[in-house]
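All values below come from the heavy atoms of this structure, side chains included, with hydrogens, waters and symmetry mates left out.
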Amino acid sequence: AAVLAKLCAKVFTIERVNELALKASEIFRDLKIHNASVKVFDGTYGWSDQAPFDRIIVAAAGPEVPEPLVQQLARTGRLVMPIGPAGNQRLERVIRVGTGVKIEDCGTAEFVPLVGRFGWKDQHASLLSFAGDAYLNEMGITTPMFPAPARPITRPCMFGGYQRPACGIATAKLAPA
């Protein structure tokens, strides 16, 4: 979201875990980023009162693209999201075309599960990787959902050096032309 804030007029990011949202807000303040907003919520619903969005980026894999996110795309908006279970995921680009959408396959991917009403159900939260736990623990966050890992993880992954756990959704509004 911090990178998007440098590229877009306004960024809205949603996290499932309160501690991650607080950390994101702190980072935005430290970096003097004033055009990004953070919300703790089930990101599979999107952020309807700020829609429509020119771009939506989902940093967790769901069983399908959540319909509320598709509905919140602007007339020419784009959404990028990994789809599928662990070990069998594809990155998809959804492009709004009139009242419909065009879906493009962008290749294989490996992300943590998108948990929420329009994602995987909570029982899939146990699929979160040790790398996601390490990311939280590296920030000093230990919660019942993300206990300290039994062993250190050094495998680099996407997003901040480690896979991001739970639901990370960033939406953006581009600057007016």
Side-chain angles (χ1 to χ4, degrees), residues 1-5 7-25 28 33 35-86 88-128 132 143 145-146 158-160 163-176:
V3 172
L4 287 176
L7 302 172
C8 301
K10 186 78 177 153
V11 173
F12 301 89
T13 185
I14 305 170
E15 291 289 352
R16 277 187 85 240
V17 178
N18 187 54
E19 290 84 355
L20 285 176
L22 291 172
K23 187 67 175 178
S25 293
F28 293 152
I33 293 173
N35 63 332
S37 301
V38 182
K39 176 176 169 177
V40 178
F41 192 62
D42 176 350
T44 67
Y45 283 98
W47 199 327
S48 61
D49 59 338
Q50 298 296 329
F53 298 106
D54 296 304
R55 304 290 185 265
I56 299 176
I57 300 170
V58 183
E64 60 188 13
V65 177
E67 186 59 28
L69 299 182
V70 173
Q71 294 305 316
Q72 291 173 38
L73 278 175
R75 190 170 46 95
T76 58
R78 299 182 188 309
L79 177 150
V80 176
M81 176 181 174
I83 302 296
N88 190 25
Q89 296 174 2
R90 304 292 297 176
L91 192 63
E92 291 187 359
R93 179 176 31 224
V94 177
I95 302 169
R96 171 77 75 185
V97 180
T99 58
V101 295
K102 175 180 154 188
I103 299 176
E104 298 175 349
D105 184 312
C106 298
T108 61
E110 193 60 40
F111 286 77
V112 296
L114 176 66
V115 178
R117 167 69 173 83
F118 298 96
W120 303 106
K121 304 307 174 219
D122 281 330
Q123 68 264 24
H124 290 348
S126 63
L127 297 175
L128 294 171
T143 68
M145 188 174 175
F146 304 106
M158 296 177 68
F159 303 102
Q163 289 177 328
R164 295 179 60 218
C167 175
I169 295 180
T171 56
K173 295 186 178 190
L174 302 176

Non-hydrogen side-chain atoms of [X] and [Y] separated by less than 4.5 Å:
X	Y	value
Pro66	Leu114	yes
Ser37	Lys10	yes
Phe111	Gln89	yes

- Task: Evaluate side chain to side chain contact (heavy atoms under 4.5 Å, CB included) for Phe12 paired with Lys39, printing each intermediate quantity in order.
- Result: CA-CA 8 Å; Phe12 301 89; Lys39 176 176 169 177; over 6 Å; no
Residues forming a side chain to side chain contact (heavy atoms under 4.5 Å, CB included) with [X], sequence neighbours excluded:
X	result
Val38	Thr13, Ala21, Ala24, Ser25, Phe28
Glu64	none
Ile83	Val65, Met81, Glu92
Pro85	Asn88, Trp120

Search all heavy atoms of [X] against all heavy atoms of [Y] and return the closest pair with its distance.
X	Y	value
Ala5	Ile33	CB-CG2, 3.5 Å
Ala74	Pro52	CA-CB, 3.7 Å
Arg75	Arg96	O-CG, 2.8 Å
Arg16	Val115	CD-O, 3.2 Å
Leu20	Glu15	CD1-OE1, 3.7 Å

May I ask you to decide if [Y]'s main-chain N or O and [X]'s side chain share a donor-acceptor pair within less than 3.5 Å?
X	Y	value
Gln72	Phe53	no
Asp42	Gly116	no
Asn35	Cys8	yes

- Query: Could you go step by step and tell me if Ile95 and Val101 meet the side chain to side chain contact (heavy atoms under 4.5 Å, CB included) rule?
  - Reply: CA-CA 5 Å; Ile95 302 169; Val101 295; over 6 Å; no
- salt bridge (charged side-chain N to carboxylate O under 4.0 Å, His left out) partners for Arg90, two or more places apart: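 Salt bridge (charged side-chain N to carboxylate O under 4.0 Å, His left out) list for Arg90, sorted by chain: Asp105.
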- Among all residues two or more places apart in sequence or in another chain, which pass the salt bridge (charged side-chain N to carboxylate O under 4.0 Å, His left out) test with Lys102?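 Salt bridge (charged side-chain N to carboxylate O under 4.0 Å, His left out) check on Lys102 returns Glu104.
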- Query: For the side-chain contact (heavy atoms from CB on, under 4.5 Å) test, which of Val80, Ile14, Val94, Leu69 pairs with Val58?
  - Reply: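 Among the candidates, only Leu69 passes.
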- Results of ring-ring contact (aromatic ring centres under 6.0 Å, His included) for Phe118 - residues two or more places apart only: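 Counting only residues at least two positions away or on another chain, Phe118 forms a ring-ring contact (aromatic ring centres under 6.0 Å, His included) with Tyr45.
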